[in-house]
Amino acid sequence: SSPDSDFCTPELEKAGLLNKTKVAEGGRKLRKNWSLSWVVLVGNSLVFFKDPKSQTPSSWRPGNSRPESSVDLRGAQLHWANDLSSKKNVFKLRTVTGNEFLLQSDTDSLIKEWFKTIQSVIDRLDRE
Ligand code: I3P
């Protein structure tokens, strides 16, 4: 990273809508609960927001920018995981803390781009 970026807002790598489900917490398996999520790749983190469109009026708040959760990509592992779902284009992200997420899109090009971009961030962190 350039010297300047250490003092500025971390670089926004990518953002978009993906289907997401958490499948493990600290290595403990969880029941799937797929939902559409607004996913933002920024700096060393993947940040998940609830899809505003899927929210009921009562759950909506002005400037609803509170992340649902955030994943540290340092030491994370990424694998295509079409064997783990009946859906197509699924990959699994596993964090060092043993949290596991499946991410999915029906659009082949879109999910390939996400995989490539997340992997490049993981690779960059591995080299640091
Ligand atoms: C799950 C739900 C998920 C499905 C999962 C089911 O049932 O249908 O969508 O995962 O399959 O168990 P429930 O809603 O009753 O929890 P996929 O869509 O990824 O296939 P699985 O148990 O084979 O993972």
Side-chain angles (χ1 to χ4, degrees):
S1 69
S2 70
D4 278 356
S5 68
D6 297 337
F7 303 100
C8 301
T9 309
E11 193 185 344
L12 176 69
E13 308 261 4
K14 199 167 176 56
L17 285 173
L18 291 176
N19 287 315
K20 185 204 77 175
T21 182
K22 195 172 189 178
V23 291
E25 166 90 47
R28 200 170 46 88
K29 197 167 180 283
L30 295 176
R31 184 172 176 176
K32 278 180 184 167
N33 183 19
W34 286 102
S35 66
L36 199 57
S37 187
W38 180 252
V39 185
V40 178
L41 181 56
V42 60
N44 304 345
S45 299
L46 199 61
V47 186
F48 300 120
F49 296 84
K50 281 189 179 156
D51 172 26
K53 289 193 290 295
S54 73
Q55 290 184 36
T56 62
S58 59
S59 74
W60 187 87
R61 289 176 297 279
N64 194 353
S65 59
R66 202 157 46 92
E68 191 184 21
S69 60
S70 170
V71 170
D72 182 4
L73 292 175
R74 193 178 292 274
Q77 293 179 317
L78 201 59
H79 297 286
W80 288 108
N82 288 312
D83 54 325
L84 295 182
S85 175
S86 60
K87 302 180 196 303
K88 69 168 192 171
N89 298 338
V90 175
F91 63 73
K92 183 167 88 172
L93 176 66
R94 185 185 198 282
T95 69
V96 282
T97 56
N99 293 343
E100 297 181 2
F101 300 86
L102 301 183
L103 294 169
Q104 188 270 346
S105 167
D106 286 338
T107 310
D108 299 14
S109 57
L110 198 147
I111 199 74
K112 279 180 193 154
E113 275 302 314
W114 271 103
F115 187 94
K116 210 170 66 179
T117 311
I118 295 171
Q119 189 62 64
S120 74
V121 171
I122 292 171
D123 291 345
R124 167 169 61 74
L125 292 169
D126 282 347
R127 287 193 304 268
E128 278 180 12

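First listed ligand is number 1; within each ligand, the first listed atom is number 1. Remember, predicted model here, so these are calculated numbers, not experimental data. The first residue of the sequence shown is numbered 1, and numbering continues consecutively from there.
- In this structure Q77 satisfies the side-chain hydrogen bond (donor to acceptor under 3.5 Å, both in side chains) test with no other residue, sequence neighbours excluded.
- The pair K87-D106 fails the salt-bridge criterion, with no side-chain N (NZ, NE, NH1 or NH2) lying under 4.0 Å from an Asp/Glu carboxylate O.
- Aromatic rings of F48 and W38 (six-membered ring for Trp) have centroids beyond the 6.0 Å cut-off, not under it.
- For a heavy-atom separation below 4.0 Å, the residues in contact with ligand 1 are R31, K32, W34, S85, S86, K87.
- In summary, E128 and R74 engage in a salt bridge, as defined by a charged side-chain N under 4.0 Å from a carboxylate O.
- Qualifying side-chain hydrogen bond (donor to acceptor under 3.5 Å, both in side chains) partners for N33, counting only residues two or more places apart in sequence or in other chains: none.
- E13 pairs by the side-chain hydrogen bond (donor to acceptor under 3.5 Å, both in side chains) definition with nothing, not counting sequence neighbours.
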